**Student:** 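What follows is a single structure, and I will ask about it in a moment.
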Protein chains: 2
Amino acid sequence: MTKPIQKRAFATREKLLTAAKDLIAKESFEALRVEDVVRAAGVAKGTFFAHFKDKDALMEQIIGAHMADLIAETAKAPTPKDIPAMVELLLPLIHFMTSERYVFDVIVRHSGAAAISDIGPIAAQFDVQIALFARWAQEVPYRPDIAPELVGEGISAFFIQAIALNFCALNSRQALESRLSSYLDAWLCPE
Amino acid sequence: MTKPIQKRAFATREKLLTAAKDLIAKESFEALRVEDVVRAAGVAKGTFFAHFKDKDALMEQIIGAHMADLIAETAKAPTPKDIPAMVELLLPLIHFMTSERYVFDVIVRHSGAAAISDIGPIAAQFDVQIALFARWAQEVPYRPDIAPELVGEGISAFFIQAIALNFCALNSRQALESRLSSYLDAWLCPE
DNA sequence: TTATAAATTTGACCGTGGTCACTTTTGTCT
DNA sequence: AGACAAAAGTGACCACGGTCAAATTTATAA
């Protein structure tokens, strides 16, 4: 091992990420083109794929980082004492995940890790999210009959399902929130 | 309105569908190429896109039809009297949905309808599936405290989540079934 | 300093999904 | 039968993600 990594490579990666984020801010995730990213970053196309396995990998990084910010912010708040408060706390995350159909698709596609040793940024955030939900469930406590981890996974499943159904028919944001509330009520407060 | 539709068009569509199904049977969903389909069907490329909005629309037709078969078969069986029986009944569907990562992605992407007036074949099958689950829930009955429709939606959400998590880490089929059992047990038999 | 090998970058090239102006076929009306 | 208009089909063309052998840069060792 003579030269394991060069700072030049790190700088190039940063240029690519910054260029991509700028373009996304100006347009959208869906509209992002690899050719535009490399032009803005001032590198050749091949360089992009030396740093990211494919376009999806870049998206995973950027979207995962955004989710991390939102979840960290959510985790700062005190534990919600009822379901409406919980739904309200989740609104920023819901807003981002529903901002573009494309974004939701990327998130769902990467919601599970490809391998134990290689948990991607989005899958990692799902773990964090589930742990947070589990903590909430433990403090209130909802569902003392089952493990907190399981409660968290259930919240996550209903969270995804509510958003997925929202992208379908002509459901407004309000419908999403009320649907999620129904799910959580049935999941967390049976009987 | 002089000539609203021609049987020639219907025949062409059938040729395309048959060619696609043959190629999928020989290779896989993922490996299907539009160019191969049109070559096998003996039509021009443009014809394909006159019949299907895009490649995804063809996949939706074929996968949706397959799901319809499986669900119809599942619906014939008597209502499962406990959760292990329910999981066992779902095995054919699970098997298909996990046969290829690509197939699962297409299904999830189309699990909700784009608009009320245009419910696609996959979204339609989700409706059927949820109704079936609701019927099961009503007959046993699980969760008398909430609407059968809601019980069905919950089963569906956990069904998807169990499969999604299965594609991740190094989980075997057994892990999927036991995970699904845990979910359903917690959802259907609280306390 | 110079030789050397690994790390990094390059850009011409390819595969494949999708478009569209044009041609051919079909069915109806007189 | 012939004229006509809409439906169906065609294939050259484009957009864009991704590849790879070759060129360039970097860091270490002699």
Side-chain angles (χ1 to χ4, degrees), chain A residues 1-21 23-24 26-63 100-103 105-106 109-110 114, chain B residues 1-21 23-24 26-63 100-103 105-106 109-110 114:
Chain A
M1 57 175 80
T2 25
K3 296 132 278 181
I5 195 154
Q6 302 179 357
K7 51 189 181 242
R8 173 175 58 144
F10 180 77
T12 303
R13 188 191 168 88
E14 287 308 300
K15 274 196 294 183
L16 285 167
L17 279 171
T18 303
K21 283 184 216 158
L23 289 170
I24 289 166
K26 259 183 267 180
E27 287 290 325
S28 68
F29 282 91
E30 166 133 50
L32 192 71
R33 298 286 169 264
V34 173
E35 294 197 5
D36 295 340
V37 175
V38 296
R39 182 161 2 94
V43 300
K45 203 175 192 179
T47 302
F48 180 96
F49 294 98
H51 286 270
F52 301 97
K53 182 181 162 294
D54 50 27
K55 184 183 169 184
D56 223 44
L58 171 74
M59 291 298 189
E60 200 187 349
Q61 292 298 323
I62 295 176
I63 292 174
E100 284 181 52
R101 176 73 214 223
Y102 177 82
V103 169
D105 285 344
V106 171
R109 190 154 4 99
H110 292 91
Chain B
M1 54 176 77
T2 27
K3 294 132 280 185
I5 196 156
Q6 302 181 358
K7 53 190 178 235
R8 170 175 62 145
F10 180 78
T12 302
R13 189 192 168 89
E14 287 308 301
K15 274 197 291 184
L16 285 167
L17 279 170
T18 303
K21 283 184 216 157
L23 289 170
I24 289 166
K26 260 183 266 178
E27 288 289 325
S28 66
F29 283 91
E30 167 134 48
L32 191 73
R33 297 285 168 268
V34 172
E35 293 198 6
D36 295 339
V37 174
V38 296
R39 183 161 0 95
V43 301
K45 203 176 194 178
T47 301
F48 179 95
F49 293 98
H51 285 271
F52 301 98
K53 181 181 164 295
D54 50 26
K55 184 183 169 184
D56 223 46
L58 171 74
M59 291 299 190
E60 200 187 347
Q61 293 298 323
I62 295 176
I63 292 175
E100 286 181 52
R101 175 71 213 226
Y102 178 81
V103 169
D105 284 344
V106 171
R109 191 156 2 102
H110 292 91

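Below, read A as the first sequence line, B as the second, and so on, with proteins coming before strands; counting in each chain starts at 1. None of the values given here were measured: they were computed from a predicted structure.
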**Student:** Among residues at least two apart in sequence or on other chains, which ones pass salt bridge (Lys or Arg N to Asp or Glu O under 4.0 Å) with Arg39(B)?
**Tutor:** Asp36(B)
**Student:** Could you state the CG-C1' distance from Leu16(B) to dT10(D), rounded to the nearest angstrom?
**Tutor:** 13 Å
**Student:** Find the distance between CD (Glu30(B)) and CG (Asp105(B)) and round it off to the nearest 0.5 Å.
**Tutor:** 9.0 Å
**Student:** Please give me the minimum heavy-atom distance between Val37(A) and Ala19(A), naming the atom from each residue.
**Tutor:** O-CB, 3.9 Å
**Student:** Go through it in stages, so that I can follow the logic: the residues are Val106(B) and Arg109(B), the test is side chain to side chain contact (heavy atoms under 4.5 Å, CB included), and I'd like the CA-CA distance, side-chain angles, deciding distance and then a yes or no.
**Tutor:** CA-CA 5 Å; Val106(B) 171; Arg109(B) 191 156 2 102; 4.1 Å; yes
**Student:** Counting only non-hydrogen atoms, which of residues 41-52 of chain B are less than 4.0 Å from DNA chain C?
**Tutor:** Lys45(B), Gly46(B), Phe49(B)
**Student:** Nearest to the side chain of Lys55(A), heavy atoms from C-beta on, is which of dG17(D), dT8(C), dA8(D)?
**Tutor:** dG17(D)
**Student:** If you look only at distance, which donor and acceptor atoms sit under 3.5 Å apart when one is on a side chain in residues 10-17 of chain A and the other is two or more places apart or in another chain?
**Tutor:**
{"from": "Thr12(A)", "atom 1": "OG1", "to": "Arg8(A)", "atom 2": "O", "distance (Å)": "3.0"}
{"from": "Arg13(A)", "atom 1": "NH1", "to": "His51(A)", "atom 2": "O", "distance (Å)": "3.4"}

**Student:** Looking at dT8(C), dA7(D), dG18(D), which one has an atom nearest to any side-chain atom of Asp54(A)?
**Tutor:** dG18(D)
**Student:** Using heavy atoms and a sub-4.0 Å distance, could you list which residues of residues 29-40 of chain B are near DNA chain D? By number, please.
**Tutor:** none
**Student:** I'd like to check the side chain to side chain contact (heavy atoms under 4.5 Å, CB included) partners of Ile24(B); sequence neighbours left out, ordered by chain and number.
**Tutor:** Phe29(B), Leu32(B), Ile62(B)
**Student:** With sequence neighbours left out, write down each residue that passes salt bridge (Lys or Arg N to Asp or Glu O under 4.0 Å) with Lys45(B), or none if nothing qualifies.
**Tutor:** Glu35(B)
**Student:** Specify the residue among Arg8(B) and Arg8(A) whose closest nucleotide of DNA chain D lies further upstream toward the 5′ end.
**Tutor:** Arg8(B)
**Student:** Go nucleotide by nucleotide along DNA chain C from the 5' end; which of Lys7(B) and Phe10(A) gets its closest nucleotide reached first?
**Tutor:** Phe10(A)
**Student:** Determine yes or no for a side-chain-to-main-chain donor-acceptor pair under 3.5 angstrom, with Glu60(A) supplying the side chain and His110(A) the backbone.
**Tutor:** no
